[in-house]
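So the structure is just underneath, and the comments pick up after that.
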Amino acid sequence: MKSNTTRFSSKQIESDRRMLELLSQSFGDISSAATEIINLEAILNLPKGTEHFVADIHGEYEAFQHILKNASGNIKREVTDIFSSSMREEEIRQLCSLIYYPGRKLEYIKQSESNLDNFYQVSLHRLVKVLQRVTSNYTRSKVRKALPKEFAYIIEELLHEAPSGESKQAYYNRIIETIISTGQADSFIKAICRVIQRLSIDRLHILGDIYDRGPGAHIILDTLKGYRDFDIQWGNHDALWMGAAAGNDCCIANVLRISLRYDNMTTLEDGYGINLVPLATFAMEVYGDDPCKIFEPKVPSDNTALSMKNRRIIAKMHKAITVIQFKIEAALIDKHPEWKMEDRKLLHCMDRDKGTVRIDGVDYKMNDTNFPTIDPADPYKLTDEEEELIGKLVHSFKVSEKLKNHIDIFFSHGCMYNICNSNLMFHASVPLNPDGTLKEVEVIGKKFKGPELHHEIGMLMRSAFNADTPADRREYAIDYYFYIWCGPDSPLFDKKKMATFERYFLTDKVPRHEEKGEYYHRRDDASTVNMILDAFGVKGKHRHIINGHVPVKAGSGENPVKAGGALMVIDGGFSKAYHDTTGIAGYTLVYHSGGIELVQHEPFTSAEEAVKSGADIYSTTRIVEPMQRTCVRETDKGLELQGQINELMELLYAYRHGFVKERK
């Protein structure tokens, strides 16, 4: 920071005059500018806020919401630290349950609590202590902005007027008593709990794949709409839904297929109002006598909510859209030979008389050959009924206002990659050559690599939704969403192929194998990771790559921390469909002023169980990288604030030397 004795040249003042005049509109005199400098300097010396990193949520909204509510276990750690000597473990668990679900917990407590006023007294005193701990790292101004207007003054009094002496104790107690006597205890408790939740996480980073598999992607996005500070790095499943919203019929078919595969129509029907009746009608007419056994939805064995009748209907719908998907994908692949995806056209390779398909010169036995809508002479031609059905489905996706609003969140808060406080975040990979160098990938006739590739793809994805985009570029952008989803050099996929056909129709594991890109083979190599960090311009002593996409098989001993701590993979399997594979139920990464911690979560039961018994997500924490206390000054926000201080110092100089007139 420039001191008060620092001189600014007349040339610099003149060069910055427009900036200084604009700044003077907010800080109109020496006093206000100096006061702001003092405030900003104080903020620079506060501990950095807590950042939370989450990846691959896949529609598991209850587990996601619970992790937001409990701050990946951080709230319970704080409560335990405060009350471990005065409260039993059961009481601590119940207090945490109240903080996480205040409304529902209060209703549950009222059913059995005989002395409600005493409960309110005790709980309010305890909650204020927790709030004091949570807010201790923030300025009063930031805390004030987080407070609900109706209780802001009272909460501030309780926070900053801690009982000291008899008169203060009486004043403090009287506030609590009056809250209860006026019937405001429930509302006040809810307000305090929301502030505790809100300020326990300073910034939330979501590293892709909000959509698919789980039942509530739309609920997750509704939750984020009301969230204070978050960003999203797009995942391939997110891109698939973005493409569907743009009207890409291949993306729409894939979205429907995956939703049917996991019996997850809630997001489609309840979330976005997608009309599935035409698909159900078509499927029952075409596949009425087909048991469609291999297309039965993948649901947990203990799921009794899905009847056999519904299971059969879903299986037929699943098969119908899968066959249609293979046809329309072939048309798009033919339209774009530069994508080099011809090997994904397999319908013409089938010999239905023999019940085989030829892949890479080898004939493999198929487990289903009943394809009434496939003409052997022209296997990729849609029937008239299929053509009509696709038209209805595309229309249904394009007119969904809620889907459009949710896709807008991805654009307003998201991008392909992000760099924050020396952490490079992206969902999947950075395409590499076999020798480990950055791979050039062609996008609309030009080649890009590393950060330029991610940027170009991100801009192309946005152009599909911009009305002022030239028609030919917009058409290509809409088409390109399919390549982003499953193209071999897509940074959101980066595998040789997506073996959808093989996984459905073949039991042989050889053709079903999806060979990962070079990045996945080299991500445990520190020199490769540092090369990527250098390419993206990531600075700092403690710098990392953080990504998800490929589930970490923790149950088999795989380590999510790679390259000597320089890279962390935090896809631990939020989705229930992955629990058997990963052996856990997800990771979150927590970066606070004391370092970086990896939190490993066990499966979440339900919010209802959390309310009734105080059940929590059992989490184990592993310190990945301890650090000396990190202040705001050492963060990206600190650099921004220091820049503001420097500008204000120049304004002070301009005021004092008459270059700019004070607005008294």
Side-chain angles (χ1 to χ4, degrees), residues 249-250 252-254 256-258 260-262 279-298 308 311-337 339-390 482-483 485-488 493 495-516:
D249 54 3
C250 293
I252 288 171
N254 274 279
L256 291 168
R257 177 182 61 78
I258 295 169
L260 290 160
R261 182 176 176 84
Y262 293 95
L279 175 58
T281 302
F282 171 82
M284 292 304 292
E285 289 175 354
V286 175
Y287 299 99
D289 298 328
D290 188 337
C292 300
K293 194 68 178 173
I294 64 173
F295 291 92
E296 287 189 356
K298 290 182 175 293
M308 288 305 299
R311 191 184 294 266
R312 287 193 293 269
I313 293 172
I314 291 170
K316 297 180 196 305
M317 294 168 68
H318 186 184
K319 183 172 183 178
I321 199 63
T322 301
V323 172
I324 291 172
Q325 175 189 316
F326 294 143
K327 290 184 177 183
I328 57 180
E329 284 181 353
L332 194 58
I333 289 168
D334 287 342
K335 182 180 178 182
H336 294 284
W339 293 350
K340 298 180 175 61
M341 295 178 66
E342 293 81 6
D343 63 327
R344 293 297 81 214
K345 294 172 57 180
L346 294 171
L347 297 186
H348 69 285
C349 301
M350 296 189 300
D351 186 326
R352 288 156 69 180
D353 292 333
K354 294 181 179 178
T356 61
V357 62
R358 175 159 292 191
I359 300 174
D360 296 330
V362 180
D363 290 333
Y364 294 97
K365 190 72 176 175
M366 295 179 62
N367 53 25
D368 187 348
T369 57
N370 182 35
F371 303 113
T373 66
I374 294 179
D375 179 359
D378 193 357
Y380 300 107
K381 180 178 174 57
L382 292 169
T383 65
D384 292 342
E385 293 79 11
E386 288 173 325
E387 197 83 69
E388 182 182 1
L389 173 61
I390 282 294
F482 172 67
Y483 187 87
W485 161 242
C486 62
F493 181 63
K495 297 180 184 178
K496 187 176 180 181
K497 67 180 181 183
M498 183 177 285
T500 309
F501 180 97
E502 294 90 332
R503 289 199 306 269
Y504 277 104
F505 298 114
L506 307 180
T507 55
D508 194 310
K509 292 183 179 180
V510 172
R512 295 169 63 175
H513 177 67
E514 297 177 346
E515 179 63 31
K516 296 183 179 72

- Task: Would you give the length of the straight line joining atom CD1 of I390 to atom CD1 of I328, rounded to the nearest 0.5 angstrom?
- Result: 4.0 Å
- Indicate yes or no: at least one non-hydrogen side-chain atom of M341 is less than 4.5 angstrom from one of C486. yes
- Message: If I take atom CG from residue D289 and atom CE from residue M284, how far apart are they, to the nearest 0.5 angstrom?
- Response: 9.5 Å
- Note on the structure: With sequence neighbours left out, the residues meeting side chain to side chain donor-acceptor pair (under 3.5 Å) with K316 are none
- So, are D368 and K319 salt-bridged, with charged N and O less than 4.0 Å apart? yes
- Task: Working to the nearest 0.5 Å, report the span between CE of M366 and SG of C349.
- Result: 10.5 Å
- So, for Y287 and P372, which heavy atoms are closest and what is the spacing to 0.1 Å? CE2-CD, 3.7 Å
- Item | Residues that E385 engages under side-chain contact (heavy atoms from CB on, under 4.5 Å), provided they are two or more places apart | F282, T383
- Which residue pairs satisfy the salt bridge (charged side-chain N to carboxylate O under 4.0 Å, His left out) criterion with at least one member in residues 349-363, sequence neighbours excluded? R358-D363
- Query: Quick one: CD1 on I324 to CG on L382, what's the gap to the nearest 0.5 Å?
  - Reply: 7.0 Å
- Message: Using the rule given for side chain to side chain contact (heavy atoms under 4.5 Å, CB included), can you reason through T500 versus E329, listing the C-alpha separation, both sets of side-chain angles and the distance that settles it, and then say yes or no?
- Response: CA-CA 12 Å; T500 309; E329 284 181 353; 5.9 Å; no
- Can you list every ring-ring contact (aromatic ring centres under 6.0 Å, His included) pair that touches residues 368-388, not counting sequence neighbours? H348-Y380, F371-F505
- Task: Could you pull out all residues at least two apart from K381 that satisfy salt bridge (Lys or Arg N to Asp or Glu O under 4.0 Å)?
- Result: none
- Note on the structure: When every non-hydrogen atom of K496 is compared with those of P488, the smallest separation belongs to O-CB, 3.8 Å
- Note on the structure: Residue pairs meeting ring-ring contact (aromatic ring centres under 6.0 Å, His included), one or both in residues 313-335, sequence neighbours left out, come to F295-H318, H318-Y504, F326-F501
- Message: Could you work out, with side chain to side chain donor-acceptor pair (under 3.5 Å) as the rule, every residue matching E514, not counting sequence neighbours?
- Response: K495, R503
- Item | F493: partners by ring-ring contact (aromatic ring centres under 6.0 Å, His included), with sequence neighbours left out | none
- Message: E502: which residues meet the side-chain contact (heavy atoms from CB on, under 4.5 Å) condition with it, sequence neighbours left out?
- Response: R344, L346, I359, K497, A499, L506, P511, R512
- Query: Just how far is it from atom CD1 of I321 to atom CD1 of I252, taken to the nearest 0.5 Å?
  - Reply: 9.0 Å
- Of the non-hydrogen atoms in F482 and L332, which two are nearest, and what is the gap between them? CB-CD2, 3.6 Å
- Note on the structure: Taken in chain and number order and not counting sequence neighbours, the residues that satisfy side-chain contact (heavy atoms from CB on, under 4.5 Å) with T507 are N367
- Task: In sequence, state the C-alpha distance, the side-chain angles, and the governing distance for T322 and R261, and then conclude on side chain to side chain contact (heavy atoms under 4.5 Å, CB included).
- Result: CA-CA 10 Å; T322 301; R261 182 176 176 84; over 6 Å; no
- Just wondering, do M350 and I374 contact through their side chains at under 4.5 Å, heavy atoms? yes
- Would you mind reporting whether L260 and L279 have side-chain heavy atoms less than 4.5 Å apart? yes
- For T373, all residues meeting side chain to side chain donor-acceptor pair (under 3.5 Å), sequence neighbours excluded: E386
- Contacts of V362 that satisfy side-chain contact (heavy atoms from CB on, under 4.5 Å) - sequence neighbours left out: Y364
- For residues L256 and Q325, determine if any side-chain heavy atom of one lies less than 4.5 Å from a side-chain heavy atom of the other. no
- Going from CG on N254 to CG on D249, what distance comes out if it is rounded to the nearest 0.5 angstrom? 10.5 Å
- Note on the structure: Taking every heavy atom of P337 against every heavy atom of E342, the minimum-distance pair comes out as O-OE2, 3.6 Å
